[in-house]
There are 2 protein chains.
Amino acid sequence: MASVPVFRYKRHVLIKFCAEYLLALGATDEEASIVADGIVTAASRWHPGKGQGLEKLFRLTIQTSNGGIYNGAEFEVLKDTPAVSHVDGHKGYGYVIAAKAMNMAIEKAKKVGIGAVSVRHSNHYGQAGFHAETATKAGMIGIVMSNARAELAPWGAKTPVVGTNPWGLGIPRDNGFPILLDLALSMSGEGMVRWAYREGVSIPDNYVLTKEGNRSTDPADFIRETPNGLVFQGTQMPIGEFKGFGLAFFTDVLSGVLSGSLFGTEVFQDISNHDVGHFVMAINPDIFMPHDEFQQRLEQLVQMFYAAEPTDPDSKLFLPGELEFITERENEKIGIPIDTTTVENLRRLAEERGIQCPL
Amino acid sequence: MASVPVFRYKRHVLIKFCAEYLLALGATDEEASIVADGIVTAASRWHPGKGQGLEKLFRLTIQTSNGGIYNGAEFEVLKDTPAVSHVDGHKGYGYVIAAKAMNMAIEKAKKVGIGAVSVRHSNHYGQAGFHAETATKAGMIGIVMSNARAELAPWGAKTPVVGTNPWGLGIPRDNGFPILLDLALSMSGEGMVRWAYREGVSIPDNYVLTKEGNRSTDPADFIRETPNGLVFQGTQMPIGEFKGFGLAFFTDVLSGVLSGSLFGTEVFQDISNHDVGHFVMAINPDIFMPHDEFQQRLEQLVQMFYAAEPTDPDSKLFLPGELEFITERENEKIGIPIDTTTVENLRRLAEERGIQCPL
């Protein structure tokens with residue numbers, strides 16, 4: 001993807017700014033701390049302007065003012081067993097609700113080997129991998145999923161029913177970065193189609209389907225130009241075609257139907273009531289075998305991975321998540337890139353709220 | 001796929017024959033009953049000759065004679081908590097070991113909401129969906145996964161590291177068939193490429209990669225003719241490209257690394273010691289909300305599914321698993337199809353063992 005113009009900042013500068021901005025929106029100290037960590041971590045690992053970084057503050061600004069997000073929302077435990085909990089996030093910050101749910105799952109997994117928490121009445125939780133990584137930091141295998149706005153049509157149909165319902169899967173490693181999968185259940189995303197349209201390049205025919213349900217490599221078949229910008233028309237192509245749709249449907253049952261949140265075509269429609277559901281799990285390897293034995297076996301599998309022969313002999317193989325950790329490490333040195341448009345908008349918003357903006 | 005010549009039989013005839021054949025191989029009554037059910041259920045839902053039906057008896061014949069499968073193997077519980085178990089199948093029938101593991105998971109889920117069982121030293125368990133369906137019959141959401149012979153290369157590589165590691169995901173429904181996903185984490189399978197080669201037709205370029213790591217639509221690029229038949233050369237394409245590889249890698253960690261079975265390139269290599277690992281889970285919806293409420297919400301999502309607009313207005317949409325249940329129902333009336341080659345081979349094997357063959 002073509003690089004956008006950016007400014008670069010130290011992590012602690014961004015964390016401080018995000019936290020102060022969130023406090024100004026009315027967040028509690030705990031909320032400001034968790035959300036700032038989630039947002040800045042995303043910014044440090046992913047492409048600037050991709051939508052997961054500081055640009056998230058814009059939506060949080062809207063949602064904290066329209067009743068979509070309540071500051072200081074209660075985190076209510078509706079049901080609790082030694083292995084599962086059912087919790088109600090009461091429209092708090094999704095980042096915070098998911099983080100608390102994962103911590104509950106971890107505590108259960110420590111004792112009985114697995115913990116699962118079903119979450120209702122939440123909001124967008126940032127990157128699924130961020131919460132799976134929390135599990136790995138506690139030595140746990142983490143599984144995190146959420147429903148989202150409907151963008152996937154049943155295979156053979158042209159109208160969307162379920163979201164791309166992102167998953168985060170994490171495996172703890174003593175030796176090196178955790179293995180971290182952070183994936184939507186679609187081949188690509190709308191942002192990529194918009195970018196291809198602007199750049200005038202074609203896209204693979206397995207990214208998206210037109211609103212008529214057809215494949216196309218021409219991004220113009222998916223884009224409508226409006227006074228408010230480029231509007232995407234069509235549906236996302238699920239990974240593995242009918243298989244990925246099935247996985248996304250299953251994800252909505254676990255995170256939406258089972259939790260008591262909205263689901264299917266209804267979730268994420270009203271910005272003042274996204275009503276997202278999550279399902280988070282932690283699995284404790286130490287229950288199944290001695291810690292070092294699991295880690296040694298895992299390293300054997302990792303070595304098998306690196307021993308695979310690259311198709312291009314000059315290329316290198318990367319474990320899931322590895323490139324993002326390398327990017328983050330690099331950005332710790334040279335600064336975390338924030339696209340200039342986002343910076344300008346944040347400066348304006350900060351000024352409106354009387355917050356000192358170090359950006 | 002072109003239809004193969006078949007004979008058709010009543011389910012009870014096939015069950016009786018399979019069970020008697022397995023007893024002749026030395027299976028216990030319980031083993032014969034579970035394996036026969038798994039094999040005949042697969043035959044009743046899937047394409048004849050696809051490899052999941054009665055043709056499985058050939059490999060079981062070899063494995064029970066070469067030490068790959070022990071009749072009457074102990075099912076040993078190594079570790080047990082209210083939510084998880086770690087079990088050793090001691091090289092018994094995979095169908096039986098997975099069935100017992102799922103029943104343990106269900107019992108735990110009844111009490112604490114979730115049950116997970118890690119299984120080591122098992123064999124091929126048949127269709128993953130068969131075991132996920134067991135969960136749905138008990139009113140549980142089922143999640144079943146296994147490792148398998150390495151057929152997927154890391155994205156960007158050309159040598160396989162992990163299997164297509166099939167998943168079974170099941171959702172219980174009071175109203176109609178359970179929702180049942182039974183999917184390998186690859187786009188297709190070797191059998192489809194061999195079929196296309198024999199028929200002289202091309203394949204989509206996202207099915208498989210050549211042994212040089214390239215895409216091709218010509219099945220001849222993947223097939224080597226040998227005196228023993230058509231040998232597939234290359235690797236399977238994961239669903240969602242790098243995403244599906246990540247899912248399969250994660251699956252091998254959960255089912256192989258964590259269980260104490262073989263994993264990566266080593267599992268499923270020696271027919272006298274496949275040493276497969278599984279990970280099975282059951283989740284009890286009734287812990288999270290009243291039974292009828294969950295079922296009503298699920299039906300709402302199902303209605304959203306059926307309300308999607310088909311791309312071809314004359315076509316109909318099917319939930320995951322629905323087509324297979326319809327096929328099974330149809331075959332209950334007209335007989336379950338077994339391809340004639342399999343029947344001829346079974347007649348010969350039965351005669352060798354002095355079993356009356358009703359086929």
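Order of the sequence lines sets the chain letters (A, B, ...), proteins ahead of strands, with each chain counted from 1. These values consider heavy atoms only, across backbone and side chains, with no hydrogens, waters or symmetry-generated copies.
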**Asked** Side chain, backbone, both or neither: which part of B:Gln300 has an atom under 4.5 Å from a heavy atom of chain A?
**Response** both
**Asked** Side chain, backbone, both or neither: which part of B:Leu317 has a heavy atom under 4.5 Å from chain A?
**Response** side chain
**Request:** Return the minimal non-hydrogen interatomic distance between A:Glu309 and B:Thr159, and the atom names on each side.
**Result:** N-OG1, 2.7 Å
**Minimum-distance pair of heavy atoms, taken over all atoms of B:Leu301 and A:Gly264** = CD1-CA, 3.6 Å
**Request:** Indicate the atoms forming the closest heavy-atom contact of B:Val112 with A:Pro82, along with that distance.
**Result:** CG1-CD, 4.0 Å
**Asked** Counting distance only, does the side-chain N/O of B:Arg297 pair as donor-acceptor with the main-chain N or O of A:Gly256 below 3.5 Å?
**Response** yes
**Request:** Sort B:Ala308 into side chain, backbone, both or neither according to what part of it lies under 4.5 angstrom from a heavy atom of chain A.
**Result:** both
**Prompt:** So which heavy atom on A:Pro154 is nearest to which on B:Phe305, and how close?
**Reply:** CB-CE1, 3.5 Å
**Under 4.5 Å from a heavy atom of chain A, the part of B:Met304 involved** = both
**Fill in**
So the ring pair (Phe, Tyr, Trp, His ring centres under 6.0 Å) pairs with at least one residue in residues 160-182 of chain B (sequence neighbours excluded) are A:Trp167-B:Trp167, B:Phe177-B:Phe325
**Request:** Show your working on side-chain contact (heavy atoms from CB on, under 4.5 Å) between A:Ile287 and B:His86 and close with a plain yes or no.
**Result:** CA-CA 9 Å; A:Ile287 292 271; B:His86 185 199; over 6 Å; no
**Close side-chain approach of B:Leu169 to A:Leu247, heavy-atom, < 4.5 Å** = yes
**Message:** Need one label for B:Tyr306: side chain, backbone, both or neither, based on atoms under 4.5 Å from any heavy atom in chain A.
**Reply:** neither
**Item:** Test side-chain hydrogen bond (donor to acceptor under 3.5 Å, both in side chains) applied to A:Asp205 - qualifying residues, sequence neighbours left out
**Value:** none
**Asked** Sequence neighbours excluded, which residues qualify as side-chain hydrogen bond (donor to acceptor under 3.5 Å, both in side chains) partners of A:Gln269?
**Response** none
**Prompt:** Looking at side-chain heavy atoms only, is the closest gap between A:Leu319 and B:Phe249 below 4.5 Å?
**Reply:** yes
**Asked** Nearest heavy-atom pair of B:Phe288 and A:Ser85: which atoms, and what distance?
**Response** CE2-O, 3.6 Å
**Prompt:** Does any heavy atom of chain A fall under 4.5 Å from the side chain of B:Pro285, the backbone, both, or neither of them?
**Reply:** both
**Asked** Which heavy atom in B:Ile114 sits nearest to a heavy atom in A:Met281, and how many Å separate them?
**Response** CD1-SD, 3.8 Å
**Heavy-atom proximity to chain A below 4.5 Å, by part of B:Asn206** = side chain
**Prompt:** Who in residues 237-246 of chain B is close to chain A, using a strict under-4.5 Å heavy-atom cut-off?
**Reply:** B:Ile239, B:Gly240, B:Glu241, B:Lys243, B:Phe245, B:Gly246
**Asked** Is there a side-chain contact between B:Ile283 and A:Val84 (heavy atoms, below 4.5 Å)?
**Response** no
**Prompt:** Roughly how far, to the nearest 0.5 Å, is CG of A:Leu258 from CD of B:Glu293?
**Reply:** 10.5 Å
**Engaged part of B:Ala150 at the chain A interface, taking heavy atoms whose separation is under 4.5 Å** = neither
**Asked** Are B:Phe250 and A:Ile179 side-chain neighbours, meaning at least one heavy-atom pair lies under 4.5 Å?
**Response** no
**Prompt:** Any side-chain heavy atom of A:Thr311 sitting closer than 4.5 Å to one from B:Glu212?
**Reply:** no
